[in-house]
Amino acid sequence: MVSCKKLEPEDYFYPQDPYMNVVKTANFNVRVSRDEMESISETEKIFKNRAAENCFTLASRQILKLQPLIKGSSYPVPDPDIEFIGFKGHINPVKSHSCQELVQDFHCSLKVSPHFNFAGQIVGLEWERTIAARGNRIVLNVFGEYPAELPAYFVIGRRSSEHGVNLISIFGSGRITRILSKSSPHSDDRESATALAFGIILEANHEVERNDLIFMTMMDVMALDTQKVTKTMSAFAAQY
């Protein structure tokens, strides 16, 4: 009877095993047209939102190329302040050569923590489909921590068993478009810190199905001094 037991999501998170993060980094620049800028504060918001989007796209693609098998954990860990997207540095863009755009360089890292506190499950697909793909909308049940503000991003995984060990294969990515919270994201009651959310699939190596798992991602995005970067690259190029 035990061997015939239907495995639940919790069965893929081992309480005795610490978790190992998957981390990828990326460097990129963000270009914003002058027509899009209405005020200084609006310009900073545009740069930050696009930097987060670019960071997730570039770094998550590195993970999807590997399609890693990760081992979930529910090992007790300290409860630090969770920051799903953290920004450092100052937004101080420079003019492009055409003077029609402002350009800002960024460096970022993306982290996937295969812990139950950052996980969730796909509980519904758009139009009651049996499978979904890029661009389709999905309904999520987030088990633990979830962002108080958007944008927020996640990777998608499918449950797998290898040599008697329950693992999760990461094969897709997505963005949360709306959160219907059941409790405060910083609630003292961990059991009630769940949320129903709506999302969209951004990329996937194969079809997404109901009951696939998700992991909220955490990003550290740093705005670089574009003028210094440009001068350094110019000096380097002059040597060759």
Side-chain angles (χ1 to χ4, degrees), residues 18-32 43-73 77-78 80-94 96 101-115 117-120 134 144-147 149-157 167-176 199-205 213-237 240:
Y19 61 94
M20 296 183 62
N21 297 322
V22 179
V23 180
K24 293 296 180 182
T25 62
N27 293 302
F28 56 91
N29 63 53
V30 173
R31 295 173 176 269
V32 177
T43 299
E44 182 169 325
K45 180 180 179 181
I46 292 173
F47 270 103
K48 286 186 174 181
N49 285 344
R50 291 194 181 173
E53 180 180 353
N54 286 6
C55 174
F56 181 77
T57 298
L58 295 172
S60 66
R61 281 177 180 170
Q62 296 179 51
I63 297 176
L64 298 191
K65 285 181 180 180
L66 300 174
Q67 195 160 322
L69 280 171
I70 60 176
K71 188 176 183 180
S73 171
V77 294
D81 292 333
I82 302 299
E83 192 171 27
F84 289 95
I85 303 179
F87 287 96
K88 296 180 181 178
H90 299 286
I91 303 297
N92 186 25
V94 298
S96 66
E101 294 178 320
L102 292 180
V103 183
Q104 176 77 53
D105 290 315
F106 291 91
H107 170 80
C108 80
S109 66
L110 179 143
K111 179 172 67 176
V112 177
S113 296
H115 194 278
N117 285 358
F118 308 117
R134 180 176 181 174
E145 298 286 349
Y146 55 89
E149 297 180 358
L150 300 179
Y153 298 88
F154 57 87
V155 294
I156 304 170
L167 301 173
I168 302 159
S169 173
I170 302 300
F171 70 92
S173 64
R175 174 171 53 86
I176 288 182
I200 186 170
I201 301 170
L202 298 178
E203 297 190 47
N205 293 341
L213 298 175
I214 66 142
F215 292 95
M216 301 301 306
T217 60
M218 283 151 276
M219 289 184 282
D220 288 318
V221 184
M222 176 174 288
L224 304 177
D225 188 323
T226 302
Q227 291 181 333
K228 288 184 179 180
V229 172
T230 302
K231 289 179 181 178
T232 300
M233 293 298 295
S234 298
F236 179 80
Y240 297 90

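All residue numbers refer to positions in the sequence shown, counting from 1.
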Q: Using a 4.5 Å cut-off on heavy atoms from C-beta on, say whether the side chain of Ile70 contacts that of Met20.
A: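 Answer no - side chains too far apart.
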Q: Closest heavy-atom contact between Leu69 and Ser169?
A: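 Nearest heavy atoms, Leu69 then Ser169: CD2-CB, 3.7 Å.
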Q: Taking atom CG of Leu202 and atom CZ of Arg134, what is their separation to the nearest 0.5 Å?
A: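 Leu202 CG to Arg134 CZ: 8.0 Å, rounded to 0.5 Å.
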Q: Roughly how far apart are Phe84 CZ and Met219 CE, rounded to 0.5 Å?
A: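 Phe84 CZ to Met219 CE: 11.0 Å, rounded to 0.5 Å.
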Q: Does Pro114 reach the side chain of Lys71, with side-chain heavy atoms less than 4.5 Å apart?
A: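 SC-SC contact between Pro114 and Lys71 ruled out.
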Q: Which atom names give the shortest non-hydrogen contact between Ala51 and Phe87, and what distance separates them?
A: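 Scanning both residues completely, I find the closest heavy atoms to be CB-CE2, 4.3 Å.
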Q: With a 4.5 Å cut-off on side-chain heavy atoms, are Leu213 and Phe154 touching?
A: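 Phe154 vs Leu213: side chains apart.
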Q: Say whether, by atom type as modelled, one donor and one acceptor occur between the side chain of Asn49 and the main chain of Pro151 under 3.5 angstrom.
A: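 Flag not set: sc Asn49 to bb Pro151 has no pair under 3.5 Å.
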Q: Quick check: closest heavy atoms across Leu58 and Ala26, and the distance to 0.1 Å?
A: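 The pair with the smallest heavy-atom distance is CB-CB, 3.9 Å.
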Q: List the steps, then state whether side chain to side chain contact (heavy atoms under 4.5 Å, CB included) holds for Ile82 with Phe118.
A: CA-CA 10 Å; Ile82 302 299; Phe118 308 117; 3.7 Å; yes
Q: Can you tell me which residue pairs pass the side chain to side chain donor-acceptor pair (under 3.5 Å) test with a partner in residues 19-32, sequence neighbours excluded?
A: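 As it turns out, the side chain to side chain donor-acceptor pair (under 3.5 Å) pairs with a partner in residues 19-32, which skip direct neighbours, are Asn21-Ser113, Asn27-His107, Arg31-Glu101.
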Q: Which pair of heavy atoms, one from Glu203 and one from Leu64, lies closest together, and at what distance?
A: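 For Glu203 and Leu64, the tightest heavy-atom pair comes out as CB-CD1, 4.0 Å.
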Q: Would you check, one step at a time, whether the test side chain to side chain contact (heavy atoms under 4.5 Å, CB included) holds for Tyr153 with Leu110?
A: CA-CA 10 Å; Tyr153 298 88; Leu110 179 143; over 6 Å; no
Q: Can you list everything that forms a side-chain hydrogen bond (donor to acceptor under 3.5 Å, both in side chains) with Ser109? Sequence neighbours excluded, please.
A: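 For Ser109 there are no side-chain hydrogen bond (donor to acceptor under 3.5 Å, both in side chains) partners, ignoring immediate neighbours.
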Q: What's the separation between atom NZ in Lys45 and atom CZ in Arg50, rounded to the nearest 0.5 Å?
A: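 Answer rounded to 0.5 Å: 12.5 Å.
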Q: Quick one, Thr217 and Phe56 - any side-chain contact, counting heavy atoms below 4.5 Å?
A: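 In contact.
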Q: Say whether, by atom type as modelled, one donor and one acceptor occur between the side chain of Gln104 and the main chain of Leu224 under 3.5 angstrom.
A: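 Between the backbone of Leu224 and the side chain of Gln104 there is a qualifying donor-acceptor contact (under 3.5 Å).
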Q: Please name the pair of heavy atoms, one in Pro68 and one in Ile63, separated by the smallest distance, quoted to 0.1 Å.
A: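 Shortest heavy-atom contact: CD-O, 3.3 Å.
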Q: Looking only at heavy atoms, what is the nearest atom pair of Val30 and Phe47, with distance?
A: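 Minimum heavy-atom contact is O-CE2, 3.4 Å.
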Q: How long is the span from the CG atom in Leu102 to the OG atom in Ser96, to the nearest 0.5 Å?
A: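 Rounded to the nearest 0.5 Å, the CG-OG separation comes to 7.5 Å.
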Q: First locate atom CD1 of Ile214, then atom OG of Ser173, and finally report the distance between them rounded to the nearest 0.5 Å.
A: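 Atom-to-atom, Ile214:CD1 and Ser173:OG are 12.0 Å apart.
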Q: Is any side-chain heavy atom of Met216 less than 4.5 Å from a side-chain heavy atom of Glu145?
A: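 No. Closest side-chain heavy atoms not under 4.5 Å.
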Q: How long is the straight-line distance from CZ of Phe106 back to NZ of Lys48, given to the nearest 0.5 Å?
A: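 One gets 9.0 Å once the value is rounded to the nearest 0.5 Å.
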Q: Please examine the side chains of Pro93 and Val103, heavy atoms only from C-beta on, and report whether any two atoms are closer than 4.5 Å.
A: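 SC-SC contact between Val103 and Pro93 ruled out.
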Q: Between Ile176 and Leu150, is there a side-chain heavy-atom distance shorter than 4.5 Å?
A: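 Heavy-atom side-chain distance check passes, below 4.5 Å.
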